[in-house]
Amino acid sequence: MLQTRHPDSTFDLKVSSRRRSSMPPHSLWSPPSSSSSFTGLSRKRKREEDSFPVSQPSSLRKLAMSHMIGSSATAPSSPSIRANGQRPIPGAHQFHDGLLPPAAASWSSALKDLNDFELSSSHPTRPGFQQHYDSPYSRSIPSTAPGSPRIPPLRQNSGSHTPRVRPHATTLNIPGMTRSKASPDGRIPDRDVAAKLVIIMVGLPARGKSYITKKIQRYLSWQQHNTKIFNVGNRRRLAAGVANSDSGSPTSATNRGVDVPTQAATILLNGTKGPDIMVEVEPTKLDLNGEPKSARTKIDQSAKFFDPNNEIAAKLREQVALDTLDELLAYLLHGGGAVGILDATNSTIKRRKLLVDHIKAREPKLGILFIESICHDQNLLEANMRLKLSGPDYKDKDPVKSLADFKERVKAYESAYEPLGKWEEDMHLQYIQMIDVGRKLVHHRLKGFLSGGIASYLTTFNLSPRQIWITRHGQSQDNQLQKLGGNSELTERGHCYGLALYNFMTYKRKEWLIEQKNKIAQSTFPPLPGDNTPPYPELNQELEDKNFCVWTSMLQRSVQTAEYFDADEDYDVKAWEMLNELNAGSFEGMTYEEIAQRYPEEYRKRSQDKLQYIYPGVGGEGYLQVISRLRDMVREIERITDHLLIIGHRSVCRVLMAYFMDLTRDDIADLDVPLGILYAIEPKPYGIEFHAYKYNEEQGWFDELPNYKPRKTVDRNS
């Protein structure tokens, strides 16, 4: 048995002596044993080329390869074996007496023939034929010696300094989408201090700074970046003994588990008043020129506190600001935080320089971002002032006198106010100026994925009154069988749910329009006692111009639930792939019972950490992946001024509800979102108003749940 390797393929050809004798002449060729004229051979080759239209370069490469494998220059060449149909090698007349010429000469002549053929050939390439340009070094004979044991890499430092002194790269970190040795979960690791961010708010009172900080904190926390607000005003109220008496001190025994930022905005649950509003950050007015007070006694408020010439008050404000900043830095450097927001006016260059120097002295690599809120719109200012009068500084006070006092406070700040600009630019500091709550933005030297993401998010802000509705699709065939994923159609009950949803939305849409018109007619300024609903700046616009958008996923059960909306031209229906249900990978079409029986280890891993868990198999996702693909969706929801209904799936509804309700990461994957529940979210300048409704199948309608609050599910199959 003879064995050789075909030069244009990766397989071996084995031909026995008996079979070679039966092959046609054109299938075998070897160099002649004596010097002679090759005229007859050339004619024969011409006939064979006409009969076998095989690409000539392959034969030339065969010659070239054969000269590179170390053949002897004195011994006769071995017979060359080719695949059936291979034509003789052109240029064979260069060989004499069966001896190979010197390797260099034969290699160069073979390459010359190959190049000349490719340049002059006019024959079309045979269909399906692919040219191979294998390296001649791949023809080397493999070694039979045993392989050496693999030596694992040792931890080292290839740089010029040991240990490493250069800070690590601060590239993008997205929980669930990136992974490294320093950050297995994708969050910003503690060692990457330069990737962390200190946000310093700047702005006059009643410019919506606390509204902005609350939204940024909610968005970044939803993206799984540990973010916390540090409110200088809250700390100062505690020092002055004038903290909100109804809710108690944020650090009191009754509120120790409540984070201060959660009190920065009100959530109206089912229309009832929630926790008291704690907005704006300017300090409560204190009478520091009078007699000393006991630390436990409330200090009288006075407009003199805001006088820039009041040195005692200025020192007190400065000390409180530095104490609050120290708390923020401890959170970032030792508490696992990624972003800390200092919520204060910081209205002078002197104060901002003091803060920057303090941060750099503590940790020079920390990122610093200034965000200034500027307001020129008088309607917006009026709404913000009315909101301010509902805050803790003026709670239960005469609204007319409170308004006059508040305006005096603003004037005191305005007399010494210095906006962001030349000093920050000369110091190469990054900043964002936000005019009229997102209508205009100015950026300077933004660097880092956090700063860029925040700037993009701020462009989506709007205060337009609107409603956002979230619900799951109607019952599907896979829901009946308790199967995961899939793309099944609705059952008959599911179609009935879609009809009831359409009728209910049409009714609520008209009801909302009447309520808004009544609010405009009854609105008063200054507010009356007990009035906690400030007007919208956009309320004077035509409310009937608002559209109603219906967004579905691209799965049948979601699209079919919106079929009645799609038939009504007064609704704008659109399907989004990013709203598709979480992909269960290899477990698509299975039940949780089947997974528990057949894959107990995977079932256990999911039960222990549903947020981090990713389904195995092609396309498998987890909740962090759903959060990542819904990032742009959330920005679009914030941007639009129209009403919106989202007909989604369980995982999608959980993630969206977690964003609007500011839920913790521990609550996202276990939020109870059953079929037949409809959520209504109405953004307000101070938070959101939340309602929940349950589908009444017998009546084909929805009943409001007066005491409904988001809660964890107890269903094993969810």
* To do: Take atom NZ of K483 as the centre, draw a 6.0 Å sphere, and report whether it contains more than 12 heavy atoms from other residues, nucleotides or ligands.
  => no
Proximity of F660 and Y679 rings by center, below 6.0 Å: no
Tell me whether the rings of Y571 and F565 are parallel (<30°), tilted (30 to 60°) or perpendicular (>60°).
perpendicular
- prompt: Are H473 and N479 side-chain neighbours, meaning at least one heavy-atom pair lies under 4.5 Å?
  reply: yes
_Atom CD of residue position Q608 - does it have more than 12 heavy atoms of other residues, nucleotides or ligands inside 6.0 Å?_
yes
**Asked** Is the cationic atom of R635 (NZ for Lys, CZ for Arg) positioned less than 6.0 Å from the six-membered ring centroid of Y457 and within 45 degrees of its normal?
**Response** no
Item to complete: Please work out whether the ring planes of Y613 and Y615 are parallel, tilted or perpendicular, with thresholds of 30° and 60°.
Response: perpendicular
Evaluate the criterion salt bridge (Lys or Arg N to Asp or Glu O under 4.0 Å) for residue pair D662 and K214; output intermediate values, then yes/no. CA-CA 10 Å; D662 195 17; K214 180 60 181 175; 2.9 Å; yes
- Query: Does a side-chain heavy-atom distance below 4.5 Å link W469 with H691?
  - Reply: no
* **Exceeds 12 heavy-atom contacts within 6.0 angstrom, atom CZ of R665** => yes
Practice prompt. May I ask you to decide if the ring planes of Y603 and Y592 are parallel, tilted or perpendicular, using 30° and 60° as cut-offs?
Written response: perpendicular
| said: Using side-chain heavy atoms (C-beta onward) and a distance below 4.5 Å, is V442 in contact with L420? | reply: no
Sorted by chain and residue number, the side-chain hydrogen bond (donor to acceptor under 3.5 Å, both in side chains) partners of Q433 (sequence neighbours excluded) come out as E372
If you take the centroid of each ring, where Trp contributes its six-membered ring, are Y564 and Y497 closer together than 6.0 Å? no
State whether the side chain of R557 and the backbone N or O of G486 hold a donor-acceptor pair below 3.5 Å, judged by distance alone.
yes
inquiry  = Can you confirm whether L484 sits close enough to M590 that some side-chain heavy atom of one is under 4.5 Å from a side-chain heavy atom of the other?
reply    = no
